[in-house]
Amino acid sequence: MRPTIRRVLAPALALSCLCAPLFGASPAVAGEPGAQALDAPGLHRPVQITIDTWGVSHIRAKNSDDLFFAQGFTAARDRLFQMDTWRRDGLGRLSEVLGSAYVEQDTASRLFLYRGDMKREWASYPAGTRRIATEFAAGINSYVDWLADHPEALPEEFKKLGYRPARWQPEDLVRIRTHALGDNLRNELARAQITCADGIGATKALRNLEPAHTPRVPEGLEPCDIPDDVLNTYELATAGVTFADGTAKLADPAADPLTGAAGGSNAWALALERTASGRPVLAADPHRSSSAAPSGRYLVHLSAPGINVIGAGEPWNPGVSFGHNGRVAFGLTNMPIDQNDLYVYELHPDDPTRYRYGDGWESFDTVQEDIPVDGAAPVRAALGFTRHGPVVRVDEKNNRAYAVRSVWTEPGTSPYLGSLAFQRAKNFKKFTQGLAAWKTPGSHLVYADTEGDIGWVPVGMTPRRAGNGYDGLLPVPGDGRHEWDGFHRQDEMPRALNPERGYFASANEYNFPEGHPVTPTYEWHPRYRKDRIDEVLSAAEKATVEDTLDLQTDQKSLYAVQLLPYLDALTSDDPTTQKALAVLRDFDGVVSEDSSGAALFEIWSMAVLRPAWLKQVAPQSADNPWFFAVPEVGLTLESFAEPEKWFGPNGAEVRDKLLLDTLPAAFRILTNALGPDPATWRWGALHTQTFRHPLGDTFGPTPRGGSYHTVQHSAYHLMDLQQMVGPVFRMALDVGDWDASRAINAPGQSGDPASPHYGDLHKLWAGNGTFPLVYTPEAVERNAAQHLVLRPADRQPT
């Protein structure tokens with residue numbers, strides 16, 4: 001502990017639950033007067049649940065088994081249809097209730113299930129995970145059983161679609177892998193397509209590779225032979241399920257790839273010397289799909305002897321991934337580890353069930369499974385596997401087959417379950433030790449504690465790619481020349497404790513030390529968000545939680561700040577171009593919903609300038625849709641700074657002409673959409689967010705600020721400007737004065753339209769607001785909206 005820390009933190013610690021009785025012992029809620037009692041088959045002892053004003057369930061149990069049982073019961077009570085759909089999709093059981101149209105998607109999902117030894121699987125997670133998962137699944141089943149006795153409470157989605165929720169097995173929680181993060185396969189295919197059309201040199205326009213790296217075509221790979229639909233099966237497996245007005249919509253792997261735009265996240269920890277309170281502040285705002293109601297995050301407070309943790313996770317996982325336990329605060333951002341590869345096989349000329357490996361031929365492993373179908377006989381599916389992974393395409397005409405190699409086939413890679421390891425951690429050493437078992441997704445864990453320490457631990461299963469210049473950037477032949485030679489250990493990764501600058505921040509950017517021997521990926525996110533966070537935090541001296549919340553909603557685009565100066569010296573005789581230049585010269589780079597300059601800048605830079613730039617640097621492949629799903633604009637700025645290198649002789653003239661020629665088209669788009677007077681234009685009139693529930697309910701459209709390049713991240717569709725990915729959940733923790741922490745989770749905690757907590761947070765979120773993430777017994781009771789008691793129905797106390 002630093003010398004000044006205990007003096008500064010002592011008053012706050014005296015108020016925190018660290019020195020208070022266990023949460024469940026609060027006399028203010030003893031007996032739960034007026035509580036609703038629910039019988040829960042499978043529960044050992046009564047569990048008390050206080051639901052606060054904002055829909056967060058504070059669960060108090062007398063043992064950890066009942067605690068995780070109650071978490072499963074409570075999550076199902078709020079999110080059963082969402083959880084049931086996730087399970088059916090992941091296990092390949094959609095056809096069972098939605099009919100034969102889903103057989104293909106079910107087949108695809110089953111290819112990516114974990115199929116290894118279950119003893120190894122359970123042993124790969126933190127100690128006790130199997131027991132926790134067993135109790136969590138039992139809690140879900142208990143609620144399903146409760147609904148059977150109370151059919152009037154069955155969620156409307158099941159009634160409208162005409163089926164009942166399924167019961168869970170503990171293995172269901174860990175066998176499903178397809179909700180893990182990872183877009184590298186799409187980049188591999190795009191890079192092969194660009195190479196075919198314009199040569200390997202043109203692939204530099206796809207992503208900025210860090211550390212600096214030049215990819216090459218693997219020996220034996222013919223990029224032009226790879227079919228465009230090679231990843232259709234993978235896309236089906238990872239597509240999820242969407243609904244329109246209560247009707248399931250079949251996933252279309254050939255659909256607009258812009259809907260798969262990359263997400264991201266921000267997280268930081270401020271040391272006490274940079275805060276006004278003398279306590280650390282930790283913040284996290286993950287950026288995931290932002291169009292579904294309910295969202296993919298779920299807040300909960302779990303309290304039992306030995307554990308008292310609050311925060312957010314995914315509703316189908318026990319524990320939490322973002323939050324605190326009264327001593328240690330934690331958040332995470334995605335680290336885009338390259339955990340997947342596409343393998344290409346030569347098939348035997350006389351037997352398409354065999355593929356070349358080394359000097360011989362190997363047979364596909366084939367698994368036959370019956371897929372149940374609603375209203376029809378089961379369909380027999382043949383699932384093919386190579387030594388590397390599931391076969392996603394067989395091209396007998398061209399004598400080729402394709403398989404995906406992924407860490408998902410390894411034991412212990414169910415996403416986020418590794419977070420169970422640090423729910424009880426009390427210091428940085430215990431926190432990092434617990435992360436040794438974390439495998440997916442690749443993550444930057446950000447840390448702070450009540451002793452005043454802050455830190456960073458990057459984690460995730462990182463393949464060692466062996467030999468032949470194998471870098472994971474393009475598909476590779478599956479004949480044995482490109483193999484994974486095991487995985488890097490977690491202790492080979494860098495980490496930081498109490499960095500000298502007084503904070504640590506991550507926004508998915510390249511942040512490994514120069515020359516570090518481990519390269520998790522070459523495809524990091526652009527630095528604009530991180531550089532803006534650094535700009536603000538490096539100047540912070542007396543920062544507050546409110547300052548952190550302001551930074552999470554910061555809309556200044558450093559991309560705009562760096563691009564706009566290239567217009568300063570430009571002139572034009574064209575009146576429309578002159579008007580556009582005038583608007584952009586008044587633009588301050590803040591992409592707010594009320595800004596006219598932001599409206600023109602985003603349309604110009606993303607929808608007009610970028611496609612024109614691509615035509616200049618990759619003329620034959622400029623229309624490749626993945627260029628637009630992964631808008632790497634940093635390379636555009638690099639080309640403008642070094643025009644001769646990118647555009648050849650007279651490169652500066654080429655650059656300036658490109659800038660001027662694209663302005664009129666953008667101005668006309670805004671004129672047609674918002675009228676002829678730029679003074680009336682607003683970015684939020686074009687750029688909106690709508691939450692959609694399976695039954696057809698919507699929240700929105702809500703005007704939104706931000707862009708791909710602002711801290712308030714917004715990945716929007718370039719055709720309709722609808723936000724697809726953004727910060728639906730945010731959290732800012734006052735480390736030590738826990739009740740001063742803040743959070744938001746839109747549009748509400750519940751997925752049930754009949755619940756008061758279904759959409760109650762939408763207006764608060766739309767105004768960039770938050771609510772107190774209360775933790776101490778007194779604060780929870782002051783903000784209580786409902787009390788529940790779960791009562792054992794059939795088990796003896798233990």
Side-chain angles (χ1 to χ4, degrees), residues 107-108 110-117 120 177-178 182 184-189 191-193 195-196 200 215-234 237 337-369 381-411 413 461-488:
T107 303
R110 289 168 183 241
L111 280 169
F112 289 94
L113 285 171
Y114 175 72
R115 294 177 175 274
D117 179 74
R120 289 186 62 204
R177 304 288 203 249
T178 49
N184 173 260
L185 285 178
R186 301 177 179 98
N187 289 352
E188 287 185 26
L189 175 59
R191 198 169 275 107
Q193 293 170 330
T195 299
C196 172
I200 189 68
R216 65 179 180 84
V217 178
E219 183 180 351
L221 179 72
E222 296 294 339
C224 294
D225 290 348
I226 300 175
D228 291 343
D229 64 354
V230 68
L231 291 181
N232 275 17
T233 295
Y234 170 81
I337 300 176
D338 183 356
Q339 295 183 321
N340 302 317
D341 281 330
L342 182 63
Y343 277 75
V344 184
Y345 304 91
E346 176 189 353
L347 297 179
H348 192 286
D350 300 321
D351 183 358
T353 68
R354 299 165 68 194
Y355 61 95
R356 181 180 293 282
Y357 189 81
D359 295 330
W361 301 90
E362 294 190 359
S363 297
F364 294 134
D365 293 328
T366 302
V367 176
Q368 302 285 342
E369 291 191 356
L383 310 177
F385 301 86
T386 71
R387 62 166 48 225
H388 300 118
V391 177
V392 295
R393 179 74 153 83
V394 175
D395 182 3
E396 292 188 20
K397 179 180 178 181
N398 294 301
N399 211 41
R400 292 288 183 272
Y402 301 85
V404 170
R405 185 166 197 178
S406 174
V407 302
W408 299 351
T409 63
E410 298 290 327
T413 55
M461 206 167 192
T462 304
R464 298 178 186 269
R465 292 178 170 86
N468 299 299
Y470 181 20
D471 54 20
L473 293 172
L474 283 137
V476 292
D479 56 12
R481 289 176 291 169
H482 301 86
E483 294 294 339
W484 291 3
D485 183 19
F487 303 92
H488 290 283

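The basis for the numbers below is simple: all heavy atoms, side chains too, and nothing from hydrogens, waters or symmetry mates. What you see is a predicted model; the values in this text were computed from it and never measured.
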ask   = About how many Å separate CE of Met461 and CD of Glu410, when rounded to the nearest 0.5 Å?
value = 4.5 Å
query = Under 4.5 Å between any side-chain heavy atoms of Arg115 and Val367, yes or no?
reply = yes
message = I'd like to know whether Glu369 forms a side-chain contact (heavy atoms from CB on, under 4.5 Å) with Leu113, so could you lay out the CA-CA distance, the side-chain angles of the two residues, the decisive distance to 0.1 Å, and finally the verdict.
response = CA-CA 13 Å; Glu369 291 191 356; Leu113 285 171; 5.7 Å; no
request  = Search all heavy atoms of Val392 against all heavy atoms of Val230 and return the closest pair with its distance.
outcome  = CG2-O, 3.6 Å
key: Parallel, tilted or perpendicular, as decided by the 30° and 60° cut-offs, for the rings of Tyr234 and Phe112   = perpendicular
key: Min side-chain heavy-atom separation Thr233-Val404 under 4.5 Å   = no
key: Full working for side chain to side chain donor-acceptor pair (under 3.5 Å) between Asp395 and Asn398   = CA-CA 6 Å; Asp395 182 3; Asn398 294 301; 2.8 Å; yes
inquiry  = Among residues at least two apart in sequence or on other chains, which ones pass ring-ring contact (aromatic ring centres under 6.0 Å, His included) with Tyr114?
reply    = none
remark   = Arg464 meets the salt bridge (Lys or Arg N to Asp or Glu O under 4.0 Å) criterion, sequence neighbours left out, with Glu492
inquiry  = I need the full list of salt bridge (Lys or Arg N to Asp or Glu O under 4.0 Å) pairs touching residues 397-407, with sequence neighbours left out, sorted by first then second residue.
reply    = Arg405-Glu483
request  = Looking only at non-hydrogen atoms, find the nearest pair between His488 and Pro463 and report the distance.
outcome  = CD2-O, 4.0 Å
key: Phe364: which of Tyr355, Phe385, Tyr357 passes ring-ring contact (aromatic ring centres under 6.0 Å, His included)   = Tyr355
ask   = Is any side-chain heavy atom of Asp351 closer than 4.5 Å to a side-chain heavy atom of Trp361?
value = no
task = With sequence neighbours left out, write down each residue that passes ring-ring contact (aromatic ring centres under 6.0 Å, His included) with Tyr402, or none if nothing qualifies.
result = none
query = With a 4.5 Å limit on heavy-atom distance, are the side chains of Leu221 and Val476 in contact?
reply = no
Salt bridge (Lys or Arg N to Asp or Glu O under 4.0 Å) pairs, two or more places apart, involving residues 356-368 = Glu346-Arg356, Glu362-Arg387
task = Describe, in one word, how the ring planes of Tyr345 and His388 are oriented to each other, choosing from parallel (under 30°), tilted (30 to 60°) and perpendicular (over 60°).
result = parallel
query = Which residues satisfy the salt bridge (Lys or Arg N to Asp or Glu O under 4.0 Å) test with Glu188, sequence neighbours excluded?
reply = none
key: For the student: nearest non-hydrogen atoms of His482 and Pro218, plus distance   = NE2-CB, 4.0 Å
key: Any side-chain heavy-atom pair of Val407 and Phe487 under 4.5 Å   = yes
task = Measure the spacing between CG of Asn187 and CG of Asn340 and express it to the nearest 0.5 Å.
result = 11.0 Å
note = Only one of Asp485, Asp471, Asp341 passes salt bridge (charged side-chain N to carboxylate O under 4.0 Å, His left out) with Arg465, and that residue is Asp341
